[in-house]
Amino acid sequence: MPPDAVILYGPPASGKDTITAALTSRDGRYVHFDRLKVGANARAPYRVASDDELGRLQTQGLILYANERYGNVYAIDRPRLDELTAADRVPVVHLGQIAGIEALHVGYPARWVTVLLWCPREVTADRARERGSTDVDARLTVWDETSTDLDKAAGTDLFDLVLRTDQRSPEQVADLIHHAVTDPSAGTVYPRDLLD
């Protein structure tokens, strides 16, 4: 049976970090997947990598997905996923691109619970300002890109859960995700909140 894993997809400030913290508090098996980062200010929650290291992993076919954003490269690598799932952990992967979801679904043998975390554009702006972000305009540009990305995927059934993080507490969202992971029984209907 394939291991359990979670994808949290959504625009900036939709709550991916907060929901991950709530999941890890609820059950110690959940662990934030620390992507590789090549670029400026590479530090936790990322694993620092050089261009050469990333190139070597790509040549070996060990990079499942990589994207560029904010002038940096972020990558999801097979060895780290293998390490976590072998230790009976449930990796929680943060993504902002549909292409990344598709790459993981096809490229890594896990029972992916894929969650769309959503909040309106003005909520992203407010949350970014509240946490002291100095690049609010860049975050809003990415919100727009995420919305466009999501529109292109309309009609697909990529998401097991669609949750508005401006309408549910982090604990409520974590409970719903945990239920989807631990009770994958056929016929279960998971919440699909209405988006703007």
Side-chain angles (χ1 to χ4, degrees), residues 1-10 14-38 42-50 52-69 72-117 149 153 156-163 165 170-188 190-191:
M1 182 171 182
D4 292 323
V6 175
I7 295 171
L8 300 182
Y9 168 92
S14 59
K16 292 184 284 291
D17 288 331
T18 304
I19 302 308
T20 301
L23 278 169
T24 58
S25 292
R26 193 185 195 297
D27 186 324
R29 291 185 314 128
Y30 294 104
V31 61
H32 176 251
F33 179 83
D34 46 349
R35 287 182 291 171
L36 293 168
K37 181 178 179 180
V38 179
R43 60 184 185 279
Y46 302 101
R47 287 174 290 135
V48 180
S50 67
D52 288 345
E53 289 170 313
L54 184 62
R56 180 179 52 78
L57 289 168
Q58 287 174 317
T59 299
Q60 295 173 347
L62 297 176
I63 297 298
L64 297 165
Y65 179 71
N67 69 291
E68 250 185 272
R69 186 153 277 170
N72 303 299
V73 176
Y74 302 87
I76 298 168
D77 60 310
R78 179 180 298 277
R80 181 66 171 146
L81 279 172
D82 287 344
E83 177 187 341
L84 294 174
T85 57
D88 198 31
R89 305 299 295 274
V90 179
V92 181
V93 179
H94 297 182
L95 281 169
Q97 305 82 28
I98 296 294
I101 295 173
E102 293 168 340
L104 291 182
H105 281 207
V106 170
Y108 194 80
R111 191 182 68 81
W112 291 103
V113 173
T114 305
V115 184
L116 168 56
L117 299 177
D149 192 42
T156 63
D157 197 20
L158 284 176
F159 301 105
D160 300 296
L161 292 153
V162 176
L163 302 169
T165 61
E171 293 74 24
Q172 289 172 323
V173 172
D175 283 347
L176 289 166
I177 294 169
H178 180 69
H179 179 72
V181 170
T182 57
D183 185 18
S185 56
T188 303
Y190 297 120

### Query
If you measure from OG1 on T20 to NE2 on H32, what distance do you get to the nearest 0.5 Å?
5.5 Å
### Task
Check whether any side-chain heavy atom of R80 sits under 4.5 Å from a side-chain heavy atom of L36, and report yes or no.
no
### Message
Ignoring hydrogens, what is the shortest heavy-atom contact between P170 and A22? Give both atom names and the distance.
### Response
O-CB, 3.8 Å
#### Entry: SB check R56 E53 (cutoff 4.0 Å)
no
#### Entry: side-chain contact (heavy atoms from CB on, under 4.5 Å) assessment of D82 paired with Y108
CA-CA 9 Å; D82 287 344; Y108 194 80; 2.7 Å; yes
### F159 versus V115, closest heavy-atom pair with distance
CD2-C, 3.9 Å
### Query
salt bridge (charged side-chain N to carboxylate O under 4.0 Å, His left out): which pairs involve residues 97-112, sequence neighbours left out?
D4-R111
### Contact check, side chains of I101 and Y65, non-hydrogen atoms, under 4.5 Å
no
### Beyond-backbone contact of Y9 with I98, side-chain heavy atoms, under 4.5 angstrom
yes
### Task
Of all the heavy-atom pairs spanning V38 and S50, show the shortest one and how long it is.
CG2-O, 3.8 Å
### Task
Could you tell me the separation between the CG atom of L57 and the CG atom of D52, rounded to the nearest 0.5 Å?
11.0 Å
### Query
Heavy atoms, side chains only, cut-off 4.5 Å: are L104 and L95 in contact?
yes
### Message
Closer than 3.5 angstrom, by distance alone: can the side chain of R47 be matched with the main-chain N or O of D34 as a donor-acceptor pair?
### Response
yes
## Note on the structure
For P191 and L161 the tightest heavy-atom approach is CD-CD2, 3.4 Å
### Message
Would the distance check show the side chain of T114 and the main-chain N or O of I7 forming a donor-acceptor pair, the cut-off being under 3.5 Å?
### Response
no
### Query
Looking at F33 and P91, what are the two nearest heavy atoms and their distance?
CB-CB, 4.4 Å
### Task
Show your working on side-chain contact (heavy atoms from CB on, under 4.5 Å) between I19 and H94 and close with a plain yes or no.
CA-CA 11 Å; I19 302 308; H94 297 182; over 6 Å; no
### Message
If we check side-chain contact (heavy atoms from CB on, under 4.5 Å) with L23, which of these qualifies: V90, V92, V31?
### Response
V92
#### Entry: R69 to G96 - nearest heavy-atom pair and separation
NH1-O, 4.0 Å
### Task
Look only at the side chain of K37 and the backbone of N72, and say whether a donor-acceptor pair between them is shorter than 3.5 Å.
no
### Query
Going through the distances and angles, do L117 and K16 end up as a side-chain contact (heavy atoms from CB on, under 4.5 Å)?
CA-CA 7 Å; L117 299 177; K16 292 184 284 291; 4.0 Å; yes
### Task
Would you please name every residue forming a side chain to side chain contact (heavy atoms under 4.5 Å, CB included) with P79, sequence neighbours left out?
L62, D77
### Message
Could you tell me if the side chain of E83 sits less than 4.5 Å from the side chain of R89, heavy atoms only?
### Response
no
#### Entry: Atom pair OG1/CD of T18 and E171 - distance to nearest 0.5 Å
9.5 Å
### Point-to-point distance, once rounded to the nearest 0.5 Å, from CZ of R29 to CG of D88
6.0 Å
### Query
Which word best sums up how the rings of H178 and Y30 line up, parallel for under 30°, tilted for 30 to 60°, or perpendicular for over 60°?
perpendicular
